[in-house]
Every structure is written in C-alpha cells, then in structure tokens.
Amino acid sequence: MERPVLELDGKVLPLPPRDLLFMNETWESFPKNGAGLLALGTRVLQLRGRPVIDIGCGFGRIAYALAAKGYRGNYWGADVLAPQINWLQSNLSPVLPNYQFHHFDALNDRYNVSGKLETEDFRIDRRYASPDAIFVLSVFTHMYEADVIAYLKEIVSVMDEKSVIYATFFLSNGESRRLEALEQSSYPMKCVLNDHCSYFNADDPLHAISFDEIWLREVLAELGLYTAAAFYGTWAGRKSVLSFQDSLFLMKA
Ligand SMILES: C[S@@+](CC[C@H](N)C(=O)[O-])C[C@H]1O[C@@H](n2cnc3c(N)ncnc32)[C@H](O)[C@@H]1O
C-alpha cells in the first residue's frame, strides 16, 4: 500500500514510514486512536493556544491528532527513540514549524536499552513553560517509579495553575485486584517489585508496570499535584469505560 498523507488547511502532512510505527498501529489505525485519546483529554483540559508538551511522543500519534483537530499553538514532543524523533523533526516540522521534536537519550529497558542519559537530567525547553497541557500517554506505564518521579518533578517546574497533566497509568487498587482474582485482567500484575509496584511480564518488567493508587496519590501530593479527574480504563477488566489504560488529569494544588 502506498503511504497515505493527511491533508490539513491545504498542507500535506506525510505520515511516518510503516517501520517507525509501533503499538500494533497502522497508517489507518493511528490517526483514529490518536483522535480518541485526544477526545478523552479534551473532556477535561482546554487548549487555549498556550504550549502543549508531549512526553514520550513516540511516532507522533498525539501530534497528528492535535494537528488534525486544528491546534496551531506551540507543540514540543520528546522521546528516547532517535529514528522516530529524527523523522518527525525532518518531515513533519517543516510543514508544521510550531511542532518541534526533541530526542532525549535516556535509558529505558524496553524502548532504549543503549540510552546514555539519566531521567533526572531531562529538561523541558523553557520556551514551552506555562503549557495548557502536558501529555504523558502510555509512558509511565513503561517506566520505573524513580523515572516517573523525576519526570513529574520536571513537569511541575514548568506548570502554572491552569496547566493540566494528562497521564496514563496502570493503577492497582481494590477493584483491579478483585478483577484480577476473577481472571478478568488483560495484564495480571503477578510479578511484585516492591510493596507499591508490580508488573505483568516476568521477562520484561517495562512491558506493563502498575503502581498502587494510594501510594501514587501520596507521591503526587508531595509533588504539589492534585487529581482533577480520573477515568479508569478496561485493562483491569472493567467494562463500559473510555480507554484501555487509567487516565489521570493532574493540576498544581
Ligand atoms: C507505548 S509508547 C506511547 C507513545 C505515545 N505517547 C503515544 O501514545 O502514541 C511509549 C513511549 O514512551 C517512550 N519513552 C520511554 N521512556 C522514555 C523516557 N525516559 N523519556 C521519554 N520517552 C520515553 C518510548 O520511547 C515510547 O515512544
């Protein structure tokens, strides 16, 4: 199949080559799935034209969804995947110059095993301070707690009282544990890392990692964040919900 393009406002947006897509996404599926994730986000957060930050932006699923929705403010996406970031910066940014992509070479046992940098050294470009939104979608579900906390600290440092973090997690709580015992969970978190962190795949802890919800909420409170809204996903076996992962909307307390 010839690679399709998206046409927006008379501009032609090339889509990433197939070999840069992952998460089982295709050229047909990812614009729809990105739009769905963004639609869930905009139930809570408002895009008023201030910057948007997309941490762990991957191959640009949310960037394309934002562009398709008409967001023309300044967007900054960061990821550890050099091929995806280089492609987006070389091919999408020339068409949408206010969409910029940044490679950060942090170690991640699943996504960047040869990474040289520490997550504590991650810095958000200050030109994108006071953002409307910080997307961290399906990223903290593939990171150890120390890395999650390092990223949240850096995110908090650029937020103001209107900025909203839209982040997804696998949250362990009474309901997820109850459903897991009933074998309803897509990701039974059977491998225990410590008293607040478990994971699904014994051979690949960062395939899907869960944090105890009470523990996480305490961490968030220590970082000066409160949960403005939460939507639980279907991963643990819940029915009739809006997404697969659990979504938290976090603001400065
Ligand atoms: C499941 S993908 C989600 C991608 C994107 N957020 C989306 O929803 O389309 C997880 C992403 O997190 C990125 N990632 C993992 N560790 C990271 C880190 N320390 N800093 C930035 N990105 C990271 C991976 O490279 C990958 O692109």
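Numbering starts at 1 and runs along the sequence shown. Atoms within a ligand are numbered from 1 in the order they appear, just like the ligands themselves.
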Give yes or no for whether the N/O distance cutoff of 3.5 Å, strictly under, is met between L137 and ligand 1.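 By distance alone, the answer is yes.
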
Going by distance only, is there an N or O of S138 that falls short of 3.5 Å from an N or O of ligand 1?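 Such a contact does not occur with ligand 1.
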
Report the part of R110 (side chain from C-beta onward, or backbone N, CA, C, O) that has a heavy atom under 4.0 Å from ligand 1; answer both or neither where that applies.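 Answer for R110: neither.
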
Give the contacting part of D79 toward ligand 1: side chain, backbone, both or neither, where contact means a heavy-atom distance below 4.0 Å.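 Both parts.
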
What is the ring orientation for F211 with F169, classed by angle as parallel under 30°, tilted 30 to 60°, or perpendicular over 60°?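 Because their plane-to-plane angle is over 60°, the rings of F211 and F169 count as perpendicular.
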
Aromatic plane relationship, H207 with Y187 - under 30° parallel, 30 to 60° tilted, over 60° perpendicular: perpendicular

[X] near ligand 1, heavy-atom distance under 4.0 Å?
{"X": "D147", "answer": "no"}
{"X": "F30", "answer": "no"}
{"X": "I62", "answer": "no"}

Within the 4.0 Å heavy-atom shell around [X], which atoms of ligand 1 are there?
{"X": "G58", "answer": "27 (O)"}
{"X": "L81", "answer": "25 (O), 27 (O)"}
{"X": "N108", "answer": "15 (C), 16 (N)"}
{"X": "H142", "answer": "1 (C)"}

Of all the non-hydrogen atoms in the protein, which one sits nearest to [atom], and at what distance?
{"atom": "atom 12 (O) of ligand 1", "result": "V139 CG2, 3.7 Å"}
{"atom": "atom 8 (O) of ligand 1", "result": "R61 NH2, 2.9 Å"}
{"atom": "atom 22 (N) of ligand 1", "result": "G56 CA, 3.4 Å"}
{"atom": "atom 14 (N) of ligand 1", "result": "V80 CG2, 3.9 Å"}

Heavy-atom distance under 4.5 Å between the side chains of H102 and F104, does that happen here?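 Yes, close enough: below the 4.5 Å cut-off.
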
Steps toward salt bridge (Lys or Arg N to Asp or Glu O under 4.0 Å) verdict (R110, D204): CA-CA 7 Å; R110 182 171 172 84; D204 181 5; 2.4 Å; yes

Lys/Arg-Asp/Glu bridge criterion (N-O < 4.0 Å) met for E180, R177: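 Salt bridge flag = no for R177 with E180.
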
Testing the 3.5 Å rule here: is there a donor-acceptor pair between the side chains of D132 and Q46?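 Their side chains do not contain a donor-acceptor pair, so the 3.5 Å distance test is not met.
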
Under 3.5 Å, is there a donor-acceptor pair between the N173 and D212 side chains?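 D212 and N173 do not have a side-chain donor-acceptor pair below 3.5 Å.
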
Candidate with minimal heavy-atom separation from atom 19 (N) of ligand 1, of Y151, Y111, F122: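 The residue whose heavy atom sits nearest atom 19 (N) of ligand 1 is Y151.
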
Y232 six-ring face occupied by R238 cation (under 6.0 Å, within 45°):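 Cation-pi check for R238 and Y232: passes.
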
Would you check, one step at a time, whether the test side chain to side chain donor-acceptor pair (under 3.5 Å) holds for D54 with W76? CA-CA 6 Å; D54 186 9; W76 189 76; over 6 Å; no

